[in-house]
Amino acid sequence: MESLRQRKQGKTRRDRRTIAKQMTADARYIGENAAAGFKRLDEHQMERLHQLLNENIEIDGAGNFPEIILPLRHFVVALKRQLESAGLSPLSIKINGGAATSIAASREFSYSDIDLIISADFGEDDSFNKAREALLAVVLDQMPSSTIKSRISSETLTDVYVKKMIKVAGHSGDKWSLFSFNNNLGRCLEIKFVDSMQRQYEFSVDSFQVLLDPLLEDPEKPYALLTSAFRNVDEALKHLDERLIKTVDPEKIRGGGLLKYCQLLIKGFKAADPEECGLMEKYMCSRFFIDFPDLPSQETKLRSYMDSHFANHESASSLCGDETDSEASSNQTTQSYLAVSQAKYDFLMMLYRVISSSTVCLMSHDRQQTLQLIDEMAYRLTLSPPSLSSLSPSQGGPSPRVSLLYFTSNQWIQVV
């Protein structure tokens, strides 16, 4: 009996030493990263993170292909395992963009897509293709067991489930690729494989990233880390709390930055420095017209941006459940459509104001043509909503998807 008691006491002491050692290692890990601009998520932020990780992601398939549904946490773990099997061990896995901002925010912050950044060494020529195969393998594994998976090629999976696929490998020092999966409600899952990227944000309030590595290494660890691609995470948090718009080098923001800026304005954000606001708007307008120099490309970009950022996923719950009153269901659908249309209209009117007052790089005639395009798009939103049948997905399969500016089916797009 004494021997058994001693063994138990010895095991308890070893367990305590192991826990203490792990806590010391964790403290060192947090301390080292804090010096590099990381902050430990607080209790409320961790609750929002776990809620997001446990949320089901939905990847819609074309035609008769099934919808892929699984928790984001399981998707990330499966993808990490597939990448490691392909010899591409991730250096870090982070939640990025609006989803990360919603975790960091002290108040509710709406977002559209769920963005992940996976950093790794993609130095070899076929590294991005390996990453693509690993990503599609996760999708294939989630298909029903009755599926004859050996007959489904990567090209087929790309055609059926991938909405957008981009590869950047230019002289600017950027080397990354992006995959965006289909989602009929606009809540798309976007995976970005990054070897190097000069700029990972547009404004301080969308610069947040949540490092998932501690949780992925050990699900029992009670923390994750928050950082910002902006110059200072505390400053970015202050801007988010006070709803301020701040950036650096606005001339380096791609043309879509002007659209994000206008969307922030209609959400109630304002420029952190009013004196710099006019110069920032001029830079962003100039970059917009450099990246989208003609009316067709401008219209395509505006439509794709609004479809991605003003989608119906926030009010999708009103269309679900055991609805028995068809008239009430119709009213809810119409109200949802009108709310989205109003948001799009406000966005276009804000864009009209900014371009009208801050564009200095165009001839008067060219600027007027763009303003007329925006005005016409806004006017069409004021027309009577379509019938209920056209607002709801068809019974025969997913609703048609909008082709984006950089859409392709089976080949990479070189972005200049």
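All values below come from the heavy atoms of this structure, side chains included, with hydrogens, waters and symmetry mates left out. The structure displayed is predicted, hence computed values, not measured ones. FYI, the numbering just counts along the sequence from 1.
The number of heavy atoms from other shown groups lying within 6.0 Å of NZ (K238) does not exceed 12. By the 6.0 Å contact criterion, CD on E124 is open, its count of non-hydrogen atoms from other residues, nucleotides or ligands being 12 or less. Heavy-atom neighbours of H50 NE2 from other residues, nucleotides or ligands within 6.0 Å: above the threshold of 12. Within a 6.0 Å sphere centred on CD of Q51, other residues, nucleotides and ligands contribute 12 heavy atoms or fewer.
Side chain to side chain, N96 and E190 fail the donor-acceptor criterion of an N or O pair below 3.5 Å. Side-chain contact annotation: S297 with T300, donor-acceptor N/O pair under 3.5 Å absent. A donor-acceptor contact under 3.5 angstrom links the side chains of S228 and S207, judged on distance only. Between the side chains of Q372 and Q368, no donor N or O sits under 3.5 Å from an acceptor N or O. Between the side chains of E133 and Q82, not a single donor N or O lies within less than 3.5 Å of an accepting N or O. Judged by distance alone, the side chains of Q298 and D294 never bring a donor and an acceptor atom under 3.5 Å apart. In the model, R367 has no side-chain atom that pairs as donor or acceptor with a side-chain atom of S356 under 3.5 Å.
Counting only distance, with no hydrogens or angles, the side chain of D174 and the backbone of Q198 share a donor-acceptor pair below 3.5 Å. At distances below 3.5 Å, at least one donor-acceptor pair connects side-chain atoms of N182 with backbone N or O atoms of V160. No donor-acceptor pair under 3.5 Å is formed between the side chain of K246 and the backbone N or O of D273. Of the possible polar contacts, one joining the R187 side chain to the Y111 backbone as a donor-acceptor pair under 3.5 Å is found. Of the possible polar contacts, one joining the N232 side chain to the D234 backbone as a donor-acceptor pair under 3.5 Å is found. Looking only at distances, no side-chain donor or acceptor of N56 sits under 3.5 Å from a matching main-chain atom of L72. Put simply, the side chain of T156 never gets that close to the backbone of I152: no donor and acceptor are under 3.5 Å apart. Using modelled atom types, no side-chain atom of D241 and backbone atom of L237 make a donor-acceptor pair closer than 3.5 Å. A donor-acceptor pair is defined here as one N or O able to donate and one able to accept, closer than 3.5 Å; such a pair exists between the side chain of R243 and the backbone of K267. Of the possible polar contacts, none joining the T147 side chain to the M143 backbone as a donor-acceptor pair under 3.5 Å is found.
Using a 4.5 Å cut-off on side-chain heavy atoms (C-beta onward), L216 and V76 make contact. In this structure, the side chains of S177 and K192 stay at 4.5 Å or more apart for every pair of heavy atoms. Using a 4.5 Å cut-off on side-chain heavy atoms (C-beta onward), K175 and M197 make no contact. With contacts defined as side-chain heavy-atom distances shorter than 4.5 Å, the pair S150/I148 qualifies. Side-chain contact between L88 and S127 is present, with heavy atoms from C-beta onward closer than 4.5 Å. Inter-residue side-chain proximity for L83 and I118 is flagged as met; some heavy-atom pair is nearer than 4.5 Å. Under the 4.5 Å side-chain criterion, counting only non-hydrogen atoms from C-beta, Y223 is not in contact with L215. Side-chain contact between V210 and L52 is absent, with no heavy atoms from C-beta onward closer than 4.5 Å.
With rounding to the nearest 0.5 angstrom, the NZ atom of K167 is 9.5 Å from the CZ atom of F179. Note that CZ of R40 and CG of L225 are 8.5 Å apart. Values are rounded to the nearest 0.5 Å. To the nearest 0.5 Å, atom CG of residue L295 and atom CG of residue D366 are 8.5 Å apart. The CG atom of D195 lies 13.0 Å from the CH2 atom of W176; values are rounded to the nearest 0.5 Å. Annotation: the span from T227 atom OG1 to L211 atom CG amounts to 8.5 Å, rounded to 0.5 Å. Of the inter-residue distances, the one linking L212 atom CG with L53 atom CG reads 6.0 Å to the nearest 0.5 angstrom.
A salt bridge links K260 and D206; the closest N-O separation between the charged side-chain nitrogens and carboxylate oxygens is under 4.0 Å. Between R287 and D291 there is a salt bridge, since a side-chain N of the basic residue sits under 4.0 Å from a carboxylate O of the acidic one. Remark: R254 does not engage E202 in a salt bridge, criterion side-chain N to carboxylate O under 4.0 Å. The pair R48-D42 does not meet the salt-bridge criterion, since no charged nitrogen lies less than 4.0 angstrom from a carboxylate oxygen.
Using a 30° and 60° split on the angle between ring planes, F288 and F292 fall in the tilted class, from 30° to 60°.
A cation-pi arrangement is present between R199 and Y201 under the rule of less than 6.0 angstrom and at most 45 degrees off the ring axis.
For Y161 and F181, the gap between ring centers reaches or exceeds 6.0 Å. For F347 and Y305, the distance between ring centers is under 6.0 angstrom.
The shortest heavy-atom contact between K163 and C188 is NZ-SG, 3.9 Å. The two residues A229 and Q200 have their closest heavy-atom pair at CB-CB, 4.3 Å.
Among the candidates L135, L116, I117, the single residue satisfying the side-chain contact (heavy atoms from CB on, under 4.5 Å) test with F193 is L135.
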